[in-house]
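These notes are about the structure you will find just below.
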Amino acid sequence: MIKALLLATSLFAAPTVLAEFPQQQTSPETQSQTQSAININEASLEELVKLPGIGKGKARAIVSFREQNGPFDNLDSLMAVKGVGRSIVAKLEGKVKF
């Protein structure tokens, strides 16, 4: 009898709980931002400063580094740029491509 009451209570409460936590839906704008990662090897200064953790100084350093050393291969190769460390590389995950 107790099991039946617990089951009935949980079935009754389940829709309420689900209603309190609606599923997150991704807007078309968010989807396009995810799909349109910036190519770090071709990006201009203006494009680079739009990235998280990248200001004008770091953007200049990235451009200068790639002009002198060639294209970046992956996110970790960005850490060779002065001022770009693990925390900035983590922020760039999924936002840049090579």
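The structure presented is a predicted model; accordingly, all values stated were derived computationally and were not measured.
Summarising the geometry of Ala37 relative to Gly94, their closest heavy-atom pair is CB-O, 4.0 Å, with the distance given to 0.1 Å. Minimum interatomic distance between Ala59 and Ile54 (heavy atoms only, all atoms of both residues): N-CG2, 3.7 Å. Shortest non-hydrogen contact noted between Ala43 and Val63 is O-CG2, 4.4 Å.
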- Under the side chain to side chain contact (heavy atoms under 4.5 Å, CB included) criterion, do Leu45 and Lys56 qualify, and how do the steps go? CA-CA 7 Å; Leu45 285 172; Lys56 288 182 182 179; over 6 Å; no
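Taken from CD in Glu67 to OG in Ser64, the straight-line distance is 6.5 Å, to the nearest 0.5 Å. A distance of 14.0 Å separates CZ of Arg86 from NZ of Lys91, quoted to the nearest 0.5 Å. If you take CD on Glu47 and CD on Glu42, they are separated by 9.0 Å, rounding to the nearest 0.5 Å.
In this view, Asp73 satisfies the salt bridge (Lys or Arg N to Asp or Glu O under 4.0 Å) rule with no residue, not counting sequence neighbours. Contacts of Asn69 classified as side-chain contact (heavy atoms from CB on, under 4.5 Å), with partners at least two apart in sequence or in another chain: Phe65.
Val49 is not connected to Val89 by any chain of hydrophobic side-chain contacts under 4.5 Å among Ile, Leu, Val, Met, Phe, Trp and Tyr, and they are in different clusters.
Contact of the Phe72 side chain with the Ile62 side chain is registered, since non-hydrogen atoms from C-beta on lie closer than 4.5 Å. In this structure the side chain of Ile40 never reaches within 4.5 angstrom of the side chain of Lys97, judged on heavy atoms. Between Ile38 and Lys95 there is no side-chain heavy-atom pair separated by less than 4.5 Å. No side-chain heavy atom of Val96 sits less than 4.5 Å from a side-chain heavy atom of Asn39. The closest side-chain heavy-atom distance from Leu78 to Ile88 is not below 4.5 Å.
Screening residues 75-98 for ring pair (Phe, Tyr, Trp, His ring centres under 6.0 Å), with sequence neighbours left out, gives no hits.
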